[in-house]
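Read the numbers this way: they start at 1 and go in the same order the structure lists the ligands and their atoms.
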Amino acid sequence: MSALDVSSLREDFPILQQMVHGKPLVYLDSAATSQKPESVIQTLDAYYRATNANIHRGIYQLAEQATEQYETARKKAQKFVNAKSWREIVWTRNTTEAINLVAYTYGRANVRAGDEIVISLLEHHSNIVPWQLLAKEKNATLKHIPVDGQGRLALDDLDTLITDKTKIVAVTMMSNVTGAITPLETIIARAHAVGAVVIVDAAQAVPHLPVDVRALDVDFLAFSGHKMLGPFVGVLYGKRALLEAMPPFMGGGDMIRKVELYESTWNELPYKFEAGTPAIAEAIGLGAAIDYLETLGMDNVREHEQELTAYALEKLQEVPTLRLLGPEKIAERGGLAAFELPGIHPHDVAAVLDRDAICIRAGHHCAQPLHAYFDLPATSRASFYVYNTPDEIDTLVTSLQGVRRMFSNG
Ligand code: C6P
């Protein structure tokens, strides 16, 4: 018995009702982007039909309504991650832009030659490359927390990795490849003990687990609306005192208080970091997605995904030679399963699965250093969300058995 009433909630997702190649669609790629419920689609539709206007600018009813909806959505995001103030929630394009914002502003202002930045081997490229750029620019040193054979962070040498020289620690909350959930409390405690700030890439966590930025005492946290049933918009949470002290990211409209020809002053938080017309409809749509997730309950979302993942890990082992990546214990992992079928390229796996209307992701999942560590150029990955069912996992496993047969005869 699932923690969610999946068969009825599936009806909320129009895209899942379709047939592909004459078969019912099996969408197992929510780690890349999630599908959207009717309530989110209707919110976007209603916005464009009834209240579309630019925000923070017009002195007329439509503009005021758009502004009100946009700021209400911000407060929903604030509540969702338990931030203290709505001023600590900055809209961005996505997780990638949120991390870059911190690297370009906090990073440039606070990292000097000889300082150290610590990332991990689990990171997505969006939490590696901005730090490489910063380290090169500042002549700082980039270090990483290693990974063990189960694709979890290995914290044995944490105290020698995070030292008095460390200024920034940037880690994922959940790997998009191994699914490992990282022991953030230990990392944050060590980073704070040496005076470093911690930025958490929560792109794969906020959609799937309850996340409380105050309980974690995290300094910055980034996530993407499109992976949590919402549109293409991102969120950066930052502690108010840190955001106040940071220089702006991009310059332009809305982020200023006063502009003179050669000098400007900055708007208050969070607008200082929101230059230009933002993704207004998308932010409002994310508010609807948050409402939807809250109605389900994030504990239930997590429980449903754990049940599904446990079932998937068990069933996938029925596929001859298939090798799973990631932690053995369900409690240590999120709702995805990346795997290798030795001798069969993941792109071939995904292409054959597509004929059975199954969507999985194949490739390096923007985590090349992690794949290099596993000595694999690419993997196949099935990822789950609120609308997935055990039946769909059965369909996946049957199809993978077909792939195995096809390639062993060939
Ligand atoms: N991972 C995946 O298929 P953006 O693109 O900015 O919304 O999210 C980037 C990102 C950052 N961190 C993690 C852990 C992620 O998984 C992602 C996006 C997708 O795994 C696309 S590569």
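Atom 18 (C) of ligand 1 has K227 NZ, 2.8 Å as its closest protein atom, hydrogens excluded (heavy atom only). At the shortest separation from atom 15 (C) of ligand 1 among protein heavy atoms lies H124 CD2, 3.4 Å. Ranking the protein heavy atoms by distance from atom 5 (O) of ligand 1 puts T96 OG1, 3.9 Å first. At the top of the distance list for atom 16 (O) of ligand 1, counting protein heavy atoms only, stands Q204 NE2, 2.7 Å.
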S120 vs H144, test: side-chain hydrogen bond (donor to acceptor under 3.5 Å, both in side chains). Steps then yes/no.
CA-CA 4 Å; S120 93; H144 73 272; over 6 Å; no
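Atoms of ligand 1 lying under 4.0 Å from at least one heavy atom of C366, given by number and element, are 22 (S). Close contacts between ligand 1 and N176 involve ligand atoms 1 (N), 2 (C), 16 (O), 20 (O) [criterion: under 4.0 Å to a heavy atom]. Ligand-side atoms of ligand 1 in range of S126: 9 (C), 10 (C), 11 (C), 12 (N), range being under 4.0 angstrom from any heavy atom. The A32 neighbourhood of ligand 1 comprises atoms 2 (C), 3 (O), 19 (C), with distances under 4.0 Å to a heavy atom of that residue.
By the criterion of a heavy-atom distance under 4.0 Å, neither the backbone nor the side chain of E123 is placed next to ligand 1. At a 4.0 Å heavy-atom cut-off, ligand 1 touches A31 through the backbone alone. Counting heavy atoms under 4.0 Å from ligand 1, residue E97 does not touch it at all.
By the 30° and 60° cut-offs, the orientation of the rings of H125 relative to H364 is tilted. Between H371 and H365, the ring-plane angle classifies as tilted under the 30° and 60° cut-offs.
Residues R333 and T178 bring no donor and acceptor atom of their side chains to less than 3.5 Å of each other. Side-chain contact of S30 with Y387: a donor-acceptor pair under 3.5 Å is present, judged by distance alone. Side-chain atoms of H226 and T33 include a donor-acceptor pair closer than 3.5 Å. If you check the side chains of Y311 and D394, you find a donor sitting under 3.5 Å from an acceptor.
Compare H365, H226, R361 by their heavy atoms: the one nearest to atom 22 (S) of ligand 1 is in R361.
Figure legend: K36 and F232 shown as a cation-pi pair, the cationic atom lying under 6.0 angstrom from the six-membered ring centre and within 45 degrees of its axis.
Ligand 1 has an N or O atom lying under 3.5 Å from an N or O atom of D201, backbone or side chain.
Atoms CG and NZ, from D354 and K23 in turn, are 10.0 Å apart once rounded to the nearest 0.5 Å.
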